Amino acid sequence: MKSTKATIKRIKAREILDSRGNPTIEVHLELSDGATGIAAVPSGASTGKYEAVELRDEDKCRYNGLGVCKAVSNANDKIAPAIAGMIASEQAKVDQRLIELDGTANKSKLGANAILAVSLATAKAAANSANLPLYRYLGGTSARLLPVPMMNILNGGKHAADSTDIQEFMVVPTAATSFSQALQMGTEIYHSLKKAIKVKGLNTNVGDEGGFAPSLASNKQAIELILAAIDLAGYKAGNDCFIALDPAASSFYNDGKYMLSKDGLTLTSDEMIGYYARWVSSYPIISIEDGLDEDDWSGWVSLTSKLGRKIKLIGDDLYTTNLERLERGISQKASNAILIKLNQVGTLSETLATVKRAQQVGWTVIISHRSGETEDTTIADLAVAVGSGLIKTGAPCRSERVAKYNRLLAIEEELGADARFPGKEALII
Ligand code: PGA
Ligand code: ZN
């Protein structure tokens, strides 16, 4: 990181709304040289149980208990005085101060939402002070790899009512040679999917991440609709683009069994792995995220030994961007990829440490949004800064999703001839 000596002068936190109409926190941070940074924090629905704590007011008289006034006052009254005067470009020190001020293992005292908003606003203000775009400030001169979008075009699970058990069906346009072309391909497939769903007489309303959320007869039907959409858009599945899944299996795991209600199946961990193995041999699936429950470590090890040479097995709820959990995954060979969500861990520095460790051991890293989002586009810059080569930020629909894609278009344009795009390299085993 380029260093400037500007110090943290003022912090103003406020309660705003996320894309589901739930309160979240936004922080405006000002430095001694007048540079400012603004950051807003997203929120999950299929939240992993090992995530850092999102502090909510639990006051049933406001927003059904979901208000964040406590997190806002923690930022304004407790965090602001504790970090005032610190050099903003010393991100690791600022984050360490935040961690110590909270003092708990899961950031439950001040709230990971309050802490992350300040952590990110600090980085953005420091980037502005250095006159650098955030991706360059965080990633240095080598930051020039645009990510392949994993576009969630059909929503189920906790992101849509009565759709599929599997939470996310994504299309990954790997044959593209630039980010803008990948976005175009994915978006054309998204529009074709609308037609394919309509033809079947199903509804084309969208879920929390902008993907369609029809009431389907089975999980398999979602794959078949997407394959039809790819064809309709003039692309070849398995060549131009692939399918990625996020079952978010913790949300249908009960009493040691995986309950696929759309398929009328109750499966053991081994049977669930067999289900995925059949899908992987029948369909052009390139990755499965959270295929198993967040505590089913032995299942993950078995899943990875069976499918880990063919596809990416991505831990989201399994790792919650947490370095200790990642270390366990590495030593047990529990997966070969990790999903990264800033608010699962609560500071930028901890997030960067987890990314670095995963990259060190050759794992694939995917930078991700949450189902509840804001217009904040930090994750677009983060993906380029760390050179993840992959990003998950929903369908090309709903402004909180599209804002990230639009930011990536701007970064690609700014990089010009220096921009690189990994295409299918991003998912090569
Ligand atoms: P969430 O879902 O933001 O609702 O947790 C996203 C995901 O599971 O990847
Ligand atoms: Zn997930």
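In each ligand, atom 1 is the first atom listed, and ligand 1 is the first ligand listed. The first residue of the sequence shown is numbered 1, and numbering continues consecutively from there. Since the model is a prediction, treat every value here as computed from it, not as a measurement.
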When you measure from [atom] to every protein heavy atom, which one gives the shortest distance, and what is it?
| atom | answer |
| --- | --- |
| atom 9 (O) of ligand 1 | Lys392 NZ, 2.9 Å |
| atom 8 (O) of ligand 1 | Gln167 NE2, 2.9 Å |
| atom 3 (O) of ligand 1 | Ser371 N, 2.8 Å |
| atom 5 (O) of ligand 1 | Arg370 NH2, 2.7 Å |
| atom 7 (C) of ligand 1 | Lys341 NZ, 3.1 Å |

Next on the checklist: Would you say that Tyr283 contacts Lys220 through its side chain, given a criterion of any heavy-atom pair below 4.5 Å between the two side chains?
Outcome noted: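 Sidechains of Lys220 and Tyr283: in contact.
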Where ligand 1 meets [X] - atom numbers and elements under 4.0 angstrom, heavy-atom basis:
| X | result |
| --- | --- |
| Asp246 | 7 (C), 8 (O), 9 (O) |
| Gly44 | 1 (P), 3 (O), 4 (O), 5 (O) |
| Glu168 | 6 (C), 7 (C), 8 (O), 9 (O) |

Next on the checklist: Restricting to N/O/S atoms, is Asp246 within less than 2.8 Å of the Zn ion (ligand 2) or not?
Outcome noted: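 Within the cut-off used here (under 2.8 Å), Asp246 does place an N, O or S atom near the Zn ion (ligand 2).
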Item to check | Short N/O/S contact of Glu289 with the Zn ion (ligand 2) (below 2.8 Å) | outcome: yes
Next on the checklist: Check Glu350 with Lys107, please: is the shortest side-chain N to carboxylate O separation under 4.0 Å?
Outcome noted: yes
Item to check | Lys341/Glu51 ion pair, N-O < 4.0 Å | outcome: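 No, this pair does not count.
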Backbone or side-chain N or O of [X] under 3.5 Å from ligand 1 N or O:
| X | answer |
| --- | --- |
| Asp316 | yes |
| Ser46 | yes |
| Arg20 | no |
| Gly372 | no |

Next on the checklist: Ring-plane angle category for Phe252 and Tyr258, please: parallel below 30°, perpendicular beyond 60°, tilted otherwise.
Outcome noted: perpendicular
Checklist entry - How many angstroms lie between atom CD1 of Ile230 and atom SG of Cys241, to the nearest 0.5 angstrom? => result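 The CD1 atom of Ile230 sits 4.0 Å away from the SG atom of Cys241.
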Checklist entry - Are Asp376 and Lys124 close enough, and set up right, to give a salt bridge (charged side-chain N to carboxylate O under 4.0 Å, His left out), and what steps lead you there? => result CA-CA 11 Å; Asp376 185 296; Lys124 289 180 166 192; 3.1 Å; yes
Item to check | Side-chain donor-acceptor pair present, Asp208, Ser371, cut-off under 3.5 Å | outcome: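 No, because no side-chain N or O of Asp208 sits under 3.5 Å from a partner of the opposite role on Ser371.
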Checklist entry - Would you say the side-chain atoms of Glu188 and Tyr235 include a donor-acceptor pair closer than 3.5 Å? => result yes
Next on the checklist: Is it the case that over 12 heavy atoms from other parts of the model lie below 6.0 angstrom from the CD atom of Gln96?
Outcome noted: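 Atom CD in Gln96 is packed in, count exceeds 12.
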Next on the checklist: Can you confirm whether more than 12 heavy atoms, excluding those of Glu324, are under 6.0 Å from its CD atom?
Outcome noted: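 Open: at most 12 neighbouring heavy atoms sit under 6.0 Å from CD of Glu324.
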Checklist entry - Per the side-chain hydrogen bond (donor to acceptor under 3.5 Å, both in side chains) rule, which among Thr320, Asp295, Asp317 passes with Lys49? => result Asp295
Checklist entry - Of all N/O/S atoms in Asp316, which lies nearest to the Zn ion (ligand 2)? => result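 Minimum-distance N/O/S atom of Asp316 relative to the Zn ion (ligand 2) is OD2.
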Next on the checklist: Check contact between Glu289 and ligand 1, using heavy atoms of the residue and a distance below 4.0 angstrom.
Outcome noted: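 The answer is yes, since Glu289 has a heavy atom less than 4.0 Å from ligand 1.
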Checklist entry - For ligand 1, which part of His159 has a heavy atom less than 4.0 Å away: the side chain, the backbone, both, or neither? => result side chain
